[in-house]
Amino acid sequence: MEALINRLEALLAENSIFTLQTLSYYGEGLSTTVQLVFISLLIGLVAAVPLAIGRGSKRRFIKWPIFAYTYVFRGTPLLIQLYLIYYGVVFVDGIQETWLWVLLKEPFVPALVAFTLNTAAYTTEIFHGAIKATPKGEIEAARAYGMSPALTLRRIVLPSAFRRALPAYGNEVIFMLHASAIASVVTIMDLTGAARFVYARFYAPFDAFLFVAAIYLCLTFAILYLFRYLEKKLLAHLQPMT
Amino acid sequence: MTRLMPSNTMKKVLSLSILSLAVAATSAQARDYDEIRIGVDVPYEPMEYRTPDGELTGFDIDLGNALCAEIGIQCEWVVQGWDGIIPGLMARKYDAIMSSMTINDERREQVLFSEPYFTPPSAWFAPATSELEETTEASLEDLTIGVQRGTLQDNYVTDMYGDVADVNRYATADDMVLDMEAERLDILFLDYPVGKATLLDSNNRNYKVIGDMITEPKAYFGDGFGIAFRQRDEALAEKFNDALESLEEDGTYDEIHQRYFGEE
């Protein structure tokens, strides 16, 4: 490891911008971005499943609140949601004295909350669309076998809906990664935050932002590859026979 | 022959005196000011601005008047917009510029600067309830410091305290003040005049300055403001430098500094 660092240092000896110091900023930024995006996607995904089922419910008091939620969070910019949550919580009287403040004081948790609520809203709509597109025949067949509505949902509707939702959800993951670039406006040192720092420090916009763009590109390729693999495996029955 | 001799001498004397006159004339042009005009761009509080009844005032104005009094020449202020302030000096609309002009190499090619007379100070601001008394690596450990991204304050704090404290970087000073009020930040480091206007003058004295104002080291805080002259007026610049030195020695400088940058 030390030998590797020494070699890296020798490689960077001629470079005034990309020193070990600035690379460590980018490194920490990468870790923050990945954490932020991964955790918010995970919670968003888990929350979206019951929300998507509820969204298709016939009962109005379940259907409408969920629709209102997805409508608001898909209908307003993520940046505004982030501002409202980060600066808005401060105006709740006495929040600084509660246990919640330990979480909300740092910018990470407010950003995580904003990202999670946003991605959960989009994912809910993606799943809802996929559930609605279940062929009627499959449900009728399940009924004919004597399955209860709950069992039909668990065994027939959801598995095929998830498969159908996979390509659209892959896009959502990539969008979320790119949307996370706004985290730096609330002082989080994510990848973009690190790039802005290097830019301001060395007055070198091209070097700083091109480098960070390359990192985002690599992350995007990794996500694309993962989803292509999943689609190949899970949607094999839909591929044309060769 | 004999008649010509005195005439020749006359000619010599005459041409010599003309020469010396010319020398005297050019030297008077470059040296002997008994009154000068100084160009200034207003308003730029608290350095130069007008009182409600229209009179010029500010740190630059008071210091400039004190310098002229020390040298013993008459001074007149000429108000000039910033864009044309160096061309105006070249066009002899005035003989010096004293208008919060930062000394830098580009300007040095056009004008002659005095010694720096002022460096805009930065200062640490914290809530009035803060127990901090000084800003050292030990006292700032694990605190959250707010700075404006990409400013000289950011560079200074990152290099001096980046390893021991959390540094939160903001796009604007307003965002920073908002987070200070939200108790997300323990301490801010920013331009003293900006901090004074946003934190000390409003907010019912909820904030205070910790420690001294900071203008050193030069690598971070720059060369400061200088008085600009035409390149050939070296003697005039020298007079102002001497006067500046004596005002710093006799306490007049500190008194004027206190007037505009002191704490109430």
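Remember, it's a predicted structure, so these values are computed and weren't measured experimentally. Quick note on labels: first sequence line is chain A, next is B, and so on, each numbered from 1.
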### Summary
Across all chains, not counting sequence neighbours, the ring-ring contact (aromatic ring centres under 6.0 Å, His included) partners of A:F127 are A:F162
### Message
Does atom OH (B:Y260) have a neighbourhood of more than 12 heavy atoms from anything else shown, all under 6.0 Å?
### Response
yes
### Task
Would you indicate whether A:F38, at its atom CZ, is surrounded by more than 12 heavy atoms from other residues, nucleotides or ligands within a distance under 6.0 Å?
no
### A:V186 versus chain B, the contacting section by heavy-atom distance below 4.5 Å
neither
### Task
List for me each residue that meets side chain to side chain donor-acceptor pair (under 3.5 Å) alongside B:T102, sequence neighbours excluded, and say none if there are none.
none
Short donor-acceptor separations (under 3.5 Å), chain B to chain A:
residue, atom, partner, partner atom, Å
B:R149, NH2, A:S184, O, 3.3
B:N155, OD1, A:R201, NE, 3.2
B:D159, OD1, A:R201, NH1, 3.1
B:D159, OD1, A:R201, NH2, 3.0
B:D159, OD2, A:R201, NH2, 2.8
B:N168, ND2, A:T187, OG1, 3.4
B:D179, OD2, A:Y86, OH, 2.3
B:A182, O, A:Q96, NE2, 3.0
B:R184, NE, A:L104, O, 3.2
B:R184, NE, A:K105, O, 3.0
B:R184, NH1, A:Y86, O, 3.0
B:R184, NH2, A:Y86, O, 2.8
B:R184, NH2, A:L104, O, 3.1

### Side chain / backbone / both / neither for B:A182 at chain A, heavy atoms under 4.5 Å
both
### Query
Looking only at heavy atoms, what is the nearest atom pair of A:A200 and B:G150, with distance?
CB-CA, 3.3 Å
### Message
Quick check on the structure: residues of residues 77-89 of chain B within a heavy-atom distance below 4.5 Å of chain A, by number.
### Response
none
